[in-house]
Amino acid sequence: MKLLVIGSGGREHAIVWKLAQSSHVTRMWCAPGNAGIAEEHLASNHTPIECVNLGAEDLPGLLAFAQEERIDLTVVGPDNPLALGISDLFQTNGLRIWGPNQKAAQFESSKAFSQDFMERHGIPTARAGMFEDAARAKNFAATLGGHCAVKADGLALGKGVLICATFTEAEKAIDEILIGRTFGSAGSRIVIQEFLEGMEISLHALCDGKTAKLFPTAQDHKRALDGDQGLNTGGMGTYSPAPFLSDAQLIETGAKILEPWLKGCAADGIDFRGLLYPGVMLTRNGPKVIEFNARFGDPEAQVYLTRLENDLVELLSASVDGTLDKVEMRWSSKSSVCVVMASGGYPGTYAKGKPISGLPKASRLSDTKIFHAGTARAGDQIMTNGGRVLGVTAWASDLPAARAKAYEAVECIRFEGAQYRRDIAAKALR
Ligand code: AMP
């Protein structure tokens with residue numbers, strides 16, 4: 001099979017790495033990819049993965065490439081091309097593609113769509129309201145005592161959520177998004193949710209339109225600094241499994257979310273074939289969904305795909321073909337930890353083009369994989385080329401050992417201004 005993977009981050013490197021292990025693949029491209037992806041080879045015939053200089057949002061360019069190379073399966077990593085309708089475009093042109101169509105991708109591209117869906121179909125979520133009018137929004141925020149999350153409806157690079165502790169903060173957040181348009185047209189509508197207290201975890205489920213197969217638990221670390229301080233980021237590290245749910249509780253939680261979700265999709269005519277990633281708060285009153293994403297988490301993919309034992313080509317094909325009910329997902333009992341190394345200043349402004357040293361030494365460590373995110377090659381040298389630079393991932397029989405190995409690899413790697421959290425997975429060990 002000839003595969004095309006779309007995207008350039010750590011998630012896409014993890015997807016490419018896992019797909020490359022499949023005996024079904026004879027050739028693979030990644031658009032646009034990164035320096036780490038360009039170093040991967042297929043297990044079946046040792047052919048290198050080829051990076052193609054096409055952006056993830058260049059839908060006409062990607063379609064033309066897939067047609068020209070007669071790609072058998074295209075795998076979409078990020079949310080933007082899904083929201084732009086890449087799956088619909090490829091399907092209309094007779095090409096197989098993994099990732100939800102535009103209607104189904106609304107679970108991520110519109111927070112108002114998701115909130116309305118959850119309320120209509122009985123999925124546990126926060127008390128919430130949706131508004132286009134600032135005065136009404138403020139009245140609702142007042143009923144929550146101002147303690148709330150104010151969210152831009154549309155895609156805002158993961159930055160469209162403002163957490164407020166007081167009514168004054170909520171008023172300011174509402175004005176910034178609805179009137180000041182800090183997030184552009186993504187903020188022409190907002191969702192205000194009551195603030196939920198609890199432990200936040202990531203769930204993932206692979207779906208084929210009728211069946212949803214739940215993954216084990218994982219936990220991300222969204223804030224930039226140790227102790228969950230600093231600004232929100234795309235994610236500074238993950239680990240799996242997270243010990244806050246027993247196996248039985250995970251099944252129960254998954255059922256509470258996925259059963260009404262599947263019924264709701266059927267009732268609303270939504271054919272979701274791809275990955276559903278609910279962000280869940282474990283509150284005193286039970287688990288509640290705070291948002292849905294419609295693709296693999298980044299850096300959740302890095303820990304999940306280093307634990308997955310199935311052939312990923314077979315799983316994604318079953319998701320596209322509607323045959324997931326015939327597949328059993330198998331997970332290693334090992335724990336996996338991913339520590340993100342970021343450019344100094346991230347998630348604010350940061351410099352690019354810093355040489356990275358120590359990668360060969362780190363890569364030689366056993367049960368360790370250095371997934372690249374924002375990297376580029378200049379001659380023989382790998383340079384930083386983004387905010388999140390590397391996802392240093394290691395696995396072992398238990399979480400403390402996996403964590404120690406991940407940090408051992410981090411210690412081998414150097415670049416000017418490198419920043420990373422030193423407390424990834426620490427909550428689980430308390
Ligand atoms: P979202 O993009 O909706 O996942 O929000 C980004 C982050 O804001 C989440 O990962 C949570 O840490 C936090 N957050 C969002 N909604 C709520 C809520 N209702 N209560 C508490 N924290 C929230």
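The figures that follow rest on heavy atoms only: side chains count, while hydrogens, waters and symmetry mates do not. If you're wondering where the values come from, they're calculated on a predicted model, not measured in any experiment. Indexing begins at 1, ligand by ligand and atom by atom, following the structure's order.
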Practice prompt. Going by heavy-atom distance to atom 5 (O) of ligand 1, choose the closest among V161, T125, N232.
Written response: V161
Discussion item. Give the atom numbers and elements of ligand 1 that come within less than 4.0 Å of a heavy atom of E194.
Written reply: 18 (C), 19 (N), 20 (N)
Discussion item. Is it the case that the side chains of Q106 and S109 hold a donor-acceptor pair, with the cut-off being a distance below 3.5 Å and no angle test?
Written reply: no
Worksheet item: Side-chain donor-acceptor pair under 3.5 Å between S335 and D398, yes or no?
Response: no
Worksheet item: What protein heavy atom sits nearest atom 9 (C) of ligand 1, and how far off is it?
Response: E200 OE2, 3.3 Å
Worksheet item: Is there a donor-acceptor contact under 3.5 Å linking the side chains of T393 and T306?
Response: no
Discussion item. Distance to the ring centre below 6.0 angstrom and angle to the axis at most 45 degrees; does that hold for R136 and F140?
Written reply: no
Worksheet item: Starting from atom 20 (N) of ligand 1, which protein heavy atom do you reach first, and at what distance in Å?
Response: L196 N, 2.8 Å
Worksheet item: Quick one: which of E291, K151, E108, E197 has a heavy atom closest to atom 16 (N) of ligand 1?
Response: K151
Item to complete: Before accepting this row, confirm whether a basic side-chain N of the pair E40/K369 lies closer than 4.0 Å to the acidic partner's carboxylate O.
Response: yes
Practice prompt. Measure the NZ-CG distance between K263 and D268 for me, rounded to the nearest 0.5 Å.
Written response: 13.5 Å
Practice prompt. Kindly confirm or rule out an N or O of A149 lying under 3.5 angstrom from an N or O of ligand 1.
Written response: no
Worksheet item: What do we get for D220 next to ligand 1 when only non-hydrogen atoms under 4.0 Å count, side chain, backbone, both or neither?
Response: neither
Worksheet item: With distance as the sole test, does T233 use its side chain to make a donor-acceptor pair with the main-chain N or O of K222 at under 3.5 Å?
Response: yes
Practice prompt. Return yes when M281 approaches ligand 1 closer than 4.0 angstrom through a heavy atom, no otherwise.
Written response: yes
Discussion item. Tell me the protein heavy atom at minimum distance from atom 13 (C) of ligand 1, and give that distance in Å.
Written reply: I163 CD1, 3.7 Å
Worksheet item: Side chain, backbone, both or neither: which part of K222 has a heavy atom under 4.0 Å from ligand 1?
Response: side chain
Item to complete: Assess K288 for proximity to ligand 1: is some non-hydrogen atom of it under 4.0 Å away?
Response: no
Worksheet item: Which atoms of ligand 1 are found less than 4.0 Å from any heavy atom of F195?
Response: 20 (N), 21 (C), 22 (N)
Worksheet item: Judged by modelled atom types alone, do Y346 and Q419 share a side-chain donor-acceptor pair under 3.5 Å?
Response: no
